[in-house]
Amino acid sequence: MEGFFSGIAQSFEKTFITDDRWLQLLNGLWVTIQITIVAALIGLVLGFLIAMVRSTYDMQLMGKKCREPKDYLLKALNTICNIYITVIRGTPVVIQLMIMYFIVFASSRNGIIAAFISFGLNSGAYVAEIVRSGIMSVDRGQFEASRSIGFNYRSTMLYIIIPQAFKNVLPALGNEFIVLVKETSVAGYVALQDLTYIGNLIRSRTYEAFFPLITVALIYLVIVLILSFLLKKLERRLRNSDH
């Protein structure tokens with residue numbers, strides 16, 4: 001029994017204490033957080049813009065009783081958005097990351113920028129579909145009522161439709177953000193020393209798998225639990241604001 005606890009102590013020391021490996025884990029966590037936050041912001045902005053284009057096109061299509069709208073610019077933008085969503089959702093995020101790093105940024109090999117853009121573009125495709133579904137779920141009578149009191153299309157979307165759509169899709173957006181946190185674990189494919197990469201690096205140097213991998217898993221779990229708690233709190237506050 002004494003040898004068992006002695007082995008655990010040695011494994012703990014090699015994983016966290018030797019060469020200040022706990023600091024390496026913290027640095028890896030910081031890289032993961034940076035990628036997640038920047039990619040989430042890119043995804044939100046891009047997703048909302050694409051959702052606006054696609055929902056506007058869909059509403060014009062419905063208004064013309066399923067005949068193609070004559071706004072050729074809108075039609076072209078909608079086609080581009082459809083292609084983008086199809087390609088992004090149809091290919092693995094790790095392949096998108098490697099294409100961005102080894103092809104698009106082949107000359108500079110800037111891993112962090114490649115990760116920002118890759119994960120941001122990937123998230124944007126899913127956010128776009130989530131937000132579009134939320135916009136289309138708002139009763140069409142809301143559009144007509146706002147037009148009758150003098151609101152133009154932009155004001156209607158900004159002050160009436162999007163706030164309602166946001167409340168409807170908040171749980172789905174929260175889930176997408178949580179998924180994004182976990183997807184960043186493949187950033188090591190482009191030599192970024194994120195949390196997962198550091199955990200695996202420590203495992204390979206110490207030949208100890210338990211503490212490095214379990215620690216990484218627990219850190220991700222804690223992040224997800226914190227995000228889930230904050231999202232539930234925000235949902236509750238938004239529901240209370242309706243009363």
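This structure is a prediction, so every number in the text was calculated from the model and none was measured. Just so you know, residue 1 is the first one in the sequence shown, and it goes up from there.
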Point-to-point distance, once rounded to the nearest 0.5 Å, from CD of Q34 to CG of L192: 10.0 Å
Side chains of L121 and Y84 in contact at under 4.5 Å (non-hydrogen atoms): yes
Check: S118 side chain, A115 main-chain N or O, donor-acceptor pair, under 3.5 Å: no
For the student: nearest non-hydrogen atoms of G174 and L231, plus distance: CA-CD1, 3.3 Å
Residue pairs involving residues 125-138 (criterion salt bridge (charged side-chain N to carboxylate O under 4.0 Å, His left out); sequence neighbours excluded): R54-E129, D58-R132, R89-E129, E129-R132
Residues T18 and E13: side-chain donor-acceptor under 3.5 angstrom: no
Sub-4.5 Å side-chain heavy-atom contact between L44 and F48: yes
Min side-chain heavy-atom separation F16-I202 under 4.5 Å: no
side-chain hydrogen bond (donor to acceptor under 3.5 Å, both in side chains) pairs, two or more places apart, involving residues 180-193: none
Where at least one partner belongs to residues 108-119, residue pairs that pass salt bridge (charged side-chain N to carboxylate O under 4.0 Å, His left out), sequence neighbours excluded: none
Residues forming a side chain to side chain contact (heavy atoms under 4.5 Å, CB included) with M52, sequence neighbours excluded: I135, M157, I162
Minimum heavy-atom distance between S137 and G134, given as atom pair plus value: OG-O, 2.6 Å
L74 backbone acceptor or donor facing N78 side chain under 3.5 Å: no
Cluster check F119, V104: I/L/V/M/F/W/Y, side chain < 4.5 angstrom: yes
Heavy-atom side-chain contact between V87 and Q96 under 4.5 Å: no
Joint hydrophobic cluster, V131 plus Y126, side-chain heavy atoms closer than 4.5 Å: no
L180 with L49, same ILVMFWY side-chain cluster at under 4.5 Å: no
Atom pair CG/CD1 of N168 and I130 - distance to nearest 0.5 Å: 12.5 Å
Check against side chain to side chain contact (heavy atoms under 4.5 Å, CB included), R21 and R205: CA-CA 11 Å; R21 289 187 174 122; R205 288 180 176 175; 4.2 Å; yes
Euclidean distance, I178 CD1 relative to T36 OG1, rounded to 0.5 Å: 11.5 Å
Shortest non-hydrogen contact from L97 toward A187: CD2-CA, 3.8 Å
Nearest heavy-atom neighbours spanning A128 and A51: O-CB, 3.5 Å
Common cluster, V179/I33, ILVMFWY with side-chain heavy-atom separation under 4.5 Å: no
Spacing of L23 atom CG and I198 atom CD1 [to the nearest 0.5 Å]: 11.0 Å
Audit row: N110, F116, side chain to side chain contact (heavy atoms under 4.5 Å, CB included) steps and yes/no: CA-CA 10 Å; N110 193 324; F116 289 159; over 6 Å; no
Distance-minimising heavy-atom pair for S123 and E176: OG-OE2, 3.1 Å
Hydrophobic cluster partners of F229 (side-chain heavy atoms under 4.5 Å): V222, I226, L230
Any I37 side-chain heavy atom under 4.5 Å of L41 side chain: yes
Side chain proximity check, V93 to I88, heavy atoms < 4.5 angstrom: no
Sequence neighbours excluded, every pair satisfying side-chain hydrogen bond (donor to acceptor under 3.5 Å, both in side chains) that has a member inside residues 207-221: S11-E208, K14-E208, T196-Y220
Distance, nearest 0.5 Å, that separates CG of L201 from OG1 of T206: 9.5 Å
Backbone N/O of Y197 and side chain of D194: donor-acceptor pair under 3.5 Å: yes
Shared hydrophobic cluster, V169 / V45 (ILVMFWY, side-chain heavy atoms < 4.5 Å): no
Spatial distance of atom CE (M100) from atom CG (N122) [nearest 0.5 Å]: 10.5 Å
T32 side chain to L195 backbone, donor-acceptor under 3.5 Å: yes
Validation row: L29, I223 side chains within 4.5 angstrom (heavy atoms): yes
Closest contact, heavy atoms only, I113 versus F105: CG2-CZ, 3.6 Å
Beyond-backbone contact of I8 with F211, side-chain heavy atoms, under 4.5 angstrom: yes
